[in-house]
A.B. asks: 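My questions will all concern the structure given below.
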Number of protein chains: 2
Amino acid sequence: MSKRVTINDVARVAGVSRQTVSRALNDKGEIDGSTKQRVLDAARELGYRPSRFARGLVRQDSTTIGLVIPDLLNPFFTEVAAGALEAARARGWHVIVYDTADSIAEERGTLEVVTSQVDAVAGYFSLDEAELDRHLSGLPAVLIGRDHRMPRFSSIRIDGEKGVHEAIDHLVTAGHRRIGMLDHAGRAEPSLRRDWFTDAMNEHGLHAPVVGNAVQSADGGAEALHELLGQHPDLTAVFTYNDIIAMGALKAARKLGKAVPRDLAVIGFDGLQLGTVVDPALTSVALDTRRIGALAIEQAGRLVAGETPLPEEELLVSAVLLVRESA
Amino acid sequence: MSKRVTINDVARVAGVSRQTVSRALNDKGEIDGSTKQRVLDAARELGYRPSRFARGLVRQDSTTIGLVIPDLLNPFFTEVAAGALEAARARGWHVIVYDTADSIAEERGTLEVVTSQVDAVAGYFSLDEAELDRHLSGLPAVLIGRDHRMPRFSSIRIDGEKGVHEAIDHLVTAGHRRIGMLDHAGRAEPSLRRDWFTDAMNEHGLHAPVVGNAVQSADGGAEALHELLGQHPDLTAVFTYNDIIAMGALKAARKLGKAVPRDLAVIGFDGLQLGTVVDPALTSVALDTRRIGALAIEQAGRLVAGETPLPEEELLVSAVLLVRESA
DNA sequence: CGCCAATCCGTGAACGTTCACGGGAGCGTT
DNA sequence: AACGCTCCCGTGAACGTTCACGGATTGGCG
């Protein structure tokens with residue numbers, strides 16, 4: 001548990017002053033070549049590493065942003081995170097990733113600790129704004145996929161309406177009439193995506209869409225499709241809450257002896273890269289996931305830097321139909 | 001670009017001293033209930049947030065570890081990262097994630113910047129130890145999946161030998177004799193996994209194993225299988241460098257009209273959760289990915305905290321055959 | 001009334017670095 | 001010889017917080 005080696009130790013060993021050591025290490029000018037080398041040698045000798053705290057304290061740059069994600073193992077969030085990391089790297093910012101494990105308790109715990117570690121936070125939150133505000137105590141925050149009422153927040157909006165309409169158009173054009181949906185079983189109320197689906201169906205004069213609920217996993221999707229087809233064997237197409245569920249459905253369909261897309265068309269939501277590894281490749285209402293992550297980071301960074309934030313209309317990510325093989 | 005609001009501002013507004021503000025915010029004792037409330041109100045009013053730098057400077061706790069990963073979109077590394085995040089959260093440590101985008105240049109850039117932001121680093125590096133050491137300048141480092149020679153490093157060793165032997169045993173028992181491998185095409189030299197494969201084959205008296213090279217992606221795996229089967233149509237089984245490649249191979253096999261595992265058995269490496277969403281579910285030589293990440297973080301954290309590091313034998317992660325459906 | 005303890009609060013110092021400024025040495029110019 | 005310029009280096013201050021200590025006020029008790 002030895003004391004930390006400081007810049008003064010290096011200075012003493014090299015026979016110079018603090019400032020000269022600082023100059024040597026930061027490649028500032030105003031220093032002789034030979035003394036610079038001497039300082040560098042001394043630093044290496046002593047195993048000196050500058051304290052990031054002391055350094056951060058005096059120069060105000062160095063921004064790090066907290067990225068809060070419900071579940072890194074969910075490929076959707078992985079892609080968002082990847083986009084965020086890329087954007088941050090381009091700007092020289094740092095990202096601390098927090099995985100809340102889909103748990104409210106963990107989310108609270110994360111919020112508790114995050115304020116003292118980052119300059120701003122972005123991500124997926126499920127707490128209401130009042131509680132968020134209370135925990136964050138003034139920390140700039142960017143909410144993804146969710147609108148804000150308090151002006152202190154910023155948000156990245158996801159618009160899937162157009163994409164879902166395209167998907168249903170695509171199915172109807174191909175002759176489908178009996179189209180079901182696999183919503184997710186997580187929250188109490190039906191999802192926004194389900195609303196888009198219902199609207200799109202109504203627009204084609206197709207009513208009473210059949211809906212099943214799936215846990216957010218491939219197995220959940222498989223089970224839900226089983227159940228749904230058990231009740232409504234005449235369905236010729238299904239739209240799912242997301243790609244994970246769709247991939248489960250794909251597998252279940254094959255087990256049931258249904259060829260995709262001939263006997264059953266499947267359209268997912270998210271447009272994951274992963275959709276290409278299954279057979280047939282998944283047709284999906286695609287979101288630009290990397291862009292979502294990049295926008296979130298960009299906005300968060302601007303908020304802390306005091307730059308002019310991105311305008312509302314640029315914070316919108318729209319989905320489009322990505323036709324592959326499953327429909 | 002207003003000045004930062006400091007603890008002194010809060011103190012002035014609340015009509016107390018710095019120290020009292022500090023006490024109020026950190027739930028220390030020795031403070032009257034009413035003044036504490038007054039301070040808290042003032043802090044909220046002003047939007048005060050303590051500087052993490054100043055705080056970190058004076059109290060020496062708060063460790064953050066850098067996690068360096070070649071490609072977060074690769075599900076294998078995602079699982080490792082998830083394990084790392086979980087372990088870090090349990091310990092109250094923070095993790096800054098760096099994605100080097102599979103590029104040496106980015107890896108160098110990351111190393112350049114990482115030393116000033118974290119207390120230790122863990123992850124996958126492709127630079128040689130000498131250069132690593134030069135860039136890291138004394139920063140504790142844990143190498144994953146790779147042995148170290150310099151005692152200053154620590155490493156998480158991956159042993160796949162037993163698992164690969166199990167895999168080949170499994171195939172041979174099922175009657176397979178003509179078994180090929182899809183190695184990865186990245187580095188110059190053949191992989192360790194290929195060595196294990198060759199050894200296992202030799203043990204069964206099966207020589208001259210046929211090997212193809214695949215880019216690390218599903219498409220790469222598909223292409224490589226095409227090519228391999230083109231040259232050696234009599235193969236009845238393939239072992240692949242990893243699951244991603246295997247999933248591509250799976251898809252390619254189906255396109256070629258080969259049923260898996262009847263006409264062609266496929267065994268991957270990694271044991272990704274993802275292997276269950278494809279059909280048939282992927283048989284694989286499985287690694288405990290979460291444990292890899294957790295061990296890396298644990299060891300890195302111990303190094304910075306000065307705790308006794310984990311002994312060599314605990315830093316070993318062994319692979320075992322995970323039989324699902326594709327073989 | 002005097003004393004002690006408990007409770008609450010404030011003041012200097014320290015953490016380790018960079019910034020702003022100043023100063024000395026050496027050399028050339030007038 | 002005086003001056004100015006360039007090059008190199010050092011000293012005080014500042015960043016914002018917590019720690020260690022000491023002081024003031026109050027209440028209780030003999």
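Order of the sequence lines fixes the chain letters, A, B, ..., with proteins taken first and strands second; residue numbering starts at 1 for each chain.
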A.B. asks: Look at atom CD of A:E314 and say whether more than 12 heavy atoms of other residues, nucleotides or ligands are closer to it than 6.0 Å.
C.D. replies: yes
A.B. asks: Mind checking side chain to side chain contact (heavy atoms under 4.5 Å, CB included) for A:Q19 and listing every partner two or more places apart, or none if nothing turns up?
C.D. replies: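 Scan of A:Q19 (side chain to side chain contact (heavy atoms under 4.5 Å, CB included), adjacent residues dropped) gives A:S17, A:S22, A:R23.
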A.B. asks: Residues of residues 36-45 of chain B with any non-hydrogen atom less than 4.0 angstrom from an atom of DNA chain D: list those, numerically ordered, please.
C.D. replies: none
A.B. asks: Within residues 6-20 of chain A, find the residues that approach DNA chain C with a heavy atom at under 4.0 Å, and present them sorted by residue number.
C.D. replies: A:T6, A:I7, A:R18, A:Q19
A.B. asks: Using the 3.5 Å cut-off, write out each protein N or O paired with an N or O of nucleotides 5-7 of chain D and the distance between them.
C.D. replies:
none

A.B. asks: Between B:L316 and B:D159, what is the shortest heavy-atom contact and its length?
C.D. replies: CD1-CB, 3.8 Å
A.B. asks: Side chain to side chain contact (heavy atoms under 4.5 Å, CB included) with A:L25: which of A:T20, A:V10, A:V39?
C.D. replies: A:V39
A.B. asks: If you round to the nearest 0.5 Å, how far is CZ of B:F153 from CG of B:L303?
C.D. replies: 11.5 Å
A.B. asks: Among residues two or more places apart or on two chains, list those pairs meeting ring-ring contact (aromatic ring centres under 6.0 Å, His included) that have a residue in residues 31-54 of chain B.
C.D. replies: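 Found none.
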A.B. asks: Show me, pair by pair, the donor-acceptor contacts under 3.5 angstrom made by side chains of residues 86-95 of chain A, not counting sequence neighbours?
C.D. replies:
residue : atom : partner : partner atom : Å
A:E86   : OE1  : A:R290  : NH2          : 2.3
A:R89   : NH1  : B:D99   : O            : 2.4
A:R91   : NE   : A:E298  : OE1          : 3.4
A:R91   : NH2  : A:E298  : OE2          : 2.7
A:R91   : NH2  : A:E307  : OE1          : 3.3
A:W93   : NE1  : A:T63   : OG1          : 3.0
A:H94   : ND1  : B:Y98   : OH           : 2.8

A.B. asks: Mind checking the OG-CG spacing from A:S51 to A:L57? Nearest 0.5 Å is all I need.
C.D. replies: 9.0 Å
A.B. asks: For B:R52, check salt bridge (Lys or Arg N to Asp or Glu O under 4.0 Å) against everything at least two apart and list the hits.
C.D. replies: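 So B:R52 forms a salt bridge (Lys or Arg N to Asp or Glu O under 4.0 Å) with A:D119.
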A.B. asks: Compute the bend angle of the helix from C:dC1-D:dG30 to C:dT30-D:dA1 from the end axes (five pairs per end), rounded to 10°.
C.D. replies: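 That helix has its two terminal axes inclined by roughly 60°.
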A.B. asks: At less than 4.0 Å, is any side-chain N or O atom of A:T35 found next to OP1 or OP2 of D:dC9? Yes or no.
C.D. replies: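 Looking at the OP1 and OP2 atoms of D:dC9, one of them is under 4.0 Å from a side-chain N or O of A:T35.
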A.B. asks: At a heavy-atom distance below 4.0 Å, which nucleotide of DNA chain C is the first touched by chain B, and which is the last?
C.D. replies: C:dC8 to C:dG16
A.B. asks: For A:A84 versus A:I297, what's the shortest heavy-atom pair and its separation?
C.D. replies: CB-CG1, 3.4 Å
A.B. asks: Which residue lies toward the 5' end of DNA chain C, B:I31 or B:L57, if each is placed at its nearest nucleotide?
C.D. replies: B:I31
A.B. asks: Taking only distance into account, with no hydrogens and no angle test, what donor-acceptor pairs under 3.5 Å do side-chain atoms of residues 103-115 of chain B form with protein atoms, sequence neighbours excluded?
C.D. replies:
residue : atom : partner : partner atom : Å
B:S103  : OG   : B:A105  : N            : 3.2
B:S103  : OG   : B:E106  : N            : 2.9
B:E107  : OE1  : B:S126  : N            : 3.2
B:E107  : OE1  : B:S126  : OG           : 2.7
B:E107  : OE2  : B:S126  : N            : 2.9
B:E107  : OE2  : B:L127  : N            : 3.2
B:R108  : NE   : B:E131  : OE2          : 2.4
B:R108  : NH2  : B:E131  : OE1          : 3.4
B:R108  : NH2  : B:E131  : OE2          : 3.4
B:T110  : OG1  : B:E106  : O            : 2.8
B:E112  : OE1  : B:H135  : NE2          : 3.4

A.B. asks: Is there any salt bridge (charged side-chain N to carboxylate O under 4.0 Å, His left out) pair reaching into residues 67-85 of chain B, and which pairs are they, with sequence neighbours excluded?
C.D. replies: none
A.B. asks: As an exercise, state the distance from CE of A:M150 to CG of A:D133, rounded to the nearest 0.5 Å.
C.D. replies: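 Atom-to-atom, A:M150:CE and A:D133:CG are 4.5 Å apart.
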A.B. asks: Provide the closest heavy-atom pair for A:E129 versus A:H148 in the form atom of the first, atom of the second, distance.
C.D. replies: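 That closest heavy-atom pairing would be OE2-CA, 3.0 Å.
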A.B. asks: Kindly write out the residues that satisfy ring-ring contact (aromatic ring centres under 6.0 Å, His included) with B:F125, not counting sequence neighbours, or none if the list is empty.
C.D. replies: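 Testing B:F125 for ring-ring contact (aromatic ring centres under 6.0 Å, His included), a comparison that skips the adjacent residues, returns none.
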